[in-house]
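A quick write-up on the structure given underneath.
Just so it is clear: chains get the letters A, B, ... in the order the sequence lines come, proteins before strands, and each one is counted from 1. As the structure is a computational prediction, the values presented were derived from the model and not from experiment.
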Amino acid sequence: MSVLLRSFSTAAATAVAVSTFSSPSSSSALSVAALLISCRSLRSLEQIHARIIRKGLEQHPVIATRFLSFCAAFSAPAYASSAFDRLSAPNLIVWNALLAAHARHSPLPTTVALFNLLRRRCSLPPDAFTFPSLLSSCSHSVALSLGSSVHATILRCGLEADVFVRTALIDFYGKCRELRAARSLFDEMPKRNVVTWNAMIDGYVKSGDLVTARQIFDKMPERNAVSYTSLIDGYAKAGDLASARVLFEQLPERDVFSWSAMISGYAQNGQPGAALKIFLEMYNQNIKPDEFVVVGLMSACSQLGSLTLAKWVDLYVTRSSIDLSKAHVLAASIDMNSKCGNMERAASLFESMPNKDLISYCSLMQGYSLHGAGDKAMGLFRQMLEEGLMPDSITFTVVLAACSRAGLVEEGRQCFDLMTNEHLIVPSPDHYACMVDLLGRAGRLTEAYELIRSMPVEPHAGAWGALLGACRIHGDISLGETIARKLFEIEPTNAGNYVLLSNIYAVADRWADVSELRTLMRGKGIRKVPGFTWI
DNA sequence: ATAGGGTTAG
């Protein structure tokens with residue numbers, strides 16, 4: 001009965017609207033309106049648009065509104081504007097639909113300009129449908145002062161009590177970390193819905209107050225997937241995967257957002273195995289992944305370094321409907337293939353990029369470096385400079401590490417000079433560690449020692465460790481002892497340093513020293529880490 | 001016709 005009534009009233013509303021603009025035929029308007037509802041892509045929207053024009057229905061307010069909201073759905077704000085500009089007398093509803101299309105997909109200034117145009121051109125003042133879009137645009141840009149002036153306008157229009165407007169305001173203040181403003185608006189609200197509560201949770205999560213976010217979550221009368229996922233995401237970002245997991249297990253209906261929150265949460269916290277397990281659970285439930293899930297999966301796979309897995313993931317993504325040309329998916333894929341040793345694939349993905357960026361260059365260079373092709377890494381570095389890209393501090397870390405692994409002493413030195421003299425980058429402890437490693441491996445132990453002692457910043461254990469490793473390779477006992485003594489001070493419990501010195505003694509047949517060192521270790525309660533060998 | 005959730009990578 002209610003369905004019948006509703007469809008009747010929709011038809012009636014259409015008829016009224018049609019009569020106000022004198023349509024050629026109300027039945028064609030109805031059929032086009034029905035066609036619009038079933039529209040599934042931008043291409044089919046374009047076809048329907050042609051039909052709208054052909055049938056003379058372009059000025060029909062209901063058709064125009066529906067058309068504009070489909071432009072919003074397919075992220076086509078420019079298309080919405082071009083159609084809107086041909087309307088002779090758009091009413092407030094049509095204006096609101098245009099504003100919504102832009103609020104979701106255009107930069108804030110464009111949306112604000114449109115709002116000002118609406119105020120000047122539309123015969124009616126903005127209503128409760130106007131402000132939520134405008135505010136959401138302010139929220140996404142975290143434009144506190146602009147949004148506050150919108151709030152003032154809302155008060156002048158007497159619209160602050162509207163649930164949609166008020167929820168949008170709460171969301172806005174929450175996103176701007178103005179939790180006190182959000183809270184006063186929230187506490188004095190007579191009727192809230194689940195979106196209102198979720199806006200508060202999101203605000204507290206974003207400002208890092210997980211305790212209050214949890215209190216809101218526990219207090220709310222009904223929850224949906226968004227309530228859970230916001231909190232899961234907050235816990236995951238704070239590294240509390242245990243709490244995230246408990247909520248995830250409690251969530252009755254998981255959507256792709258909740259799955260990706262867990263997968264990327266584990267991946268980002270260095271638990272690639274757990275990330276993979278969650279993904280497999282999702283996969284076995286035949287849930288379609290999206291690009292966020294896939295990026296998390298690839299990140300986990302990079303950390304595991306398994307070529308077999310990387311090949312499977314690659315094939316899986318190729319067969320899915322995920323757009324591999326999207327920048328972050330591509331970056332994750334290049335990184336995964338590089339780290340897992342599929343350099344051909346990494347290189348071909350890299351070549352497919354129209355605009356190669358610093359990060360993709362670095363991913364590929366690191367891959368070559370890791371797999372013993374330092375010369376290829378250096379070739380890429382030269383190509384990068386020729387392309388006019390500006391290397392940053394991390395780029396040089398990758399490049400210097402590549403030189404060090406490949407024993408390219410001269411190139412490494414040149415790069416260090418290039419970094420400091422031309423790019424004016426202050427060398428970090430990491431850069432020094434690379435240089436010490438580079439010189440040390442090449443047997444220039446004295447030079448390396450001089451470098452480490454002349455560092456203007458405090459060298460970290462990695463630099464000393466690299467030098468101690470070099471002393472072992474080149475059998476320098478006296479320097480080795482000096483460096484080891486330094487390292488025992490900096491990191492007294494790292495067994496690796498004791499093992500290295502012990503190996504130096506062993507190679508020189510100084511077994512008494514080996515034995516003494518072992519006693520020293522036992523005395524300090526240090527146990528050797530599996531994987532290190534005593535000769 | 002309107003408000004809510006997610007990867008800054010090397």
- Message: Starting the side chain at C-beta, find the nucleotide from B:dA3, B:dG10, B:dG5 nearest to A:S363.
- Response: B:dG10
- Query: Taking atom P of B:dA3 as reference, at what distance in whole Å does atom NE2 of A:H140 sit?
  - Reply: 9 Å
- Message: Do A:K356 and A:F350 form a cation-pi contact, if we require the NZ or CZ to be under 6.0 Å from the six-membered ring centre and within 45 degrees of the ring's axis?
- Response: yes
- Query: Among B:dT7, B:dG10, B:dA9, which nucleotide sits nearest the side chain of A:C362?
  - Reply: B:dG10
- With sugar-phosphate meaning primed atoms plus P, OP1 and OP2, does A:T229 contact a base, only sugar-phosphate, or nothing at under 4.0 Å between heavy atoms? base
- Message: Mind checking if A:L169 touches a base, just sugar-phosphate, or nothing, with heavy atoms under 4.0 Å?
- Response: nothing
- Query: When we call it a touch if two heavy atoms are under 4.0 Å apart, what does A:V226 touch: a base, just sugar-phosphate, or nothing?
  - Reply: base
- Query: Base, sugar-phosphate, or nothing: which does A:A128 touch, judged by heavy atoms less than 4.0 Å apart?
  - Reply: base
- Distance-only donor-acceptor test (3.5 Å): side chain A:D357, base B:dA9: no
- Message: Heavy-atom count check: over 12 atoms from other residues, nucleotides or ligands less than 6.0 Å from A:N355 CG?
- Response: no
- Mind calculating the distance between CD1 (A:I263) and P (B:dG5) to the nearest angstrom? 20 Å
- What nucleic acid atoms does A:D255 come within less than 4.0 Å of, heavy atoms only: base, sugar-phosphate, or nothing? base
- Query: Once you round it to whole Å, what is the distance between P of B:dG5 and CE of A:M262?
  - Reply: 20 Å
- Side chain of A:A331 only, please: which of B:dG5, B:dA9, B:dG10 is the nearest? B:dA9
- A:A225 near the nucleic acid: base, sugar-phosphate alone, or nothing, with a heavy-atom cut-off under 4.0 Å? base
- Task: Would you check, one step at a time, whether the test side chain to side chain donor-acceptor pair (under 3.5 Å) holds for A:R183 with A:Y204?
- Result: CA-CA 10 Å; A:R183 186 101 219 188; A:Y204 282 113; 3.2 Å; yes
- Message: For the base of B:dA1 and the side-chain ring of A:F129, does the geometry meet a stacking cutoff of under 5.5 Å between centres and under 30° between planes?
- Response: yes
- Query: What is the nucleic acid contact for A:D162, judged by heavy atoms within less than 4.0 Å: base, sugar-phosphate only, or nothing?
  - Reply: nothing
- Taking the six-membered ring for Trp, does A:F292 stack with B:dT7 (centroid gap under 5.5 Å, planes within less than 30°)? no
- Query: What is the nucleic acid contact for A:T397, judged by heavy atoms within less than 4.0 Å: base, sugar-phosphate only, or nothing?
  - Reply: nothing
- Look at the side-chain N and O atoms of A:Q268 and state whether any lies under 4.0 Å from the OP1 or OP2 oxygen of B:dA9. no
- Task: Give a yes or no on whether the ring-centroid distance for A:F257 and A:Y228 is below 6.0 angstrom.
- Result: no
- Does A:S260 make a side-chain donor-acceptor contact with the base of B:dG6, cut-off 3.5 Å? yes
- Message: Using ring centroids (six-membered ring only for Trp), state whether A:H49 and A:Y79 fall under 6.0 Å.
- Response: yes
- Where the side chain of A:N193 is defined as all heavy atoms beyond and including C-beta, which of B:dA3, B:dG6, B:dG10 is the nearest nucleotide? B:dA3
- Query: Within less than 4.0 Å of OP1 or OP2 of B:dG5, is there a side-chain N or O belonging to A:K175?
  - Reply: yes
- Message: Please determine whether a side-chain nitrogen or oxygen atom of A:K326 lies at a distance below 4.0 Å from atom OP1 or OP2 of B:dT7.
- Response: no
- Considering residues, nucleotides and ligands other than A:E253, do more than 12 of their heavy atoms fall under 6.0 Å from its CD? no
- Message: Mind checking if A:N96 touches a base, just sugar-phosphate, or nothing, with heavy atoms under 4.0 Å?
- Response: base
- Would you mind telling me which of B:dG5, B:dA9, B:dT2 lies closest to the side-chain atoms of A:P132? B:dT2
- Side chain of A:R104 only, please: which of B:dT7, B:dG10, B:dA3 is the nearest? B:dA3
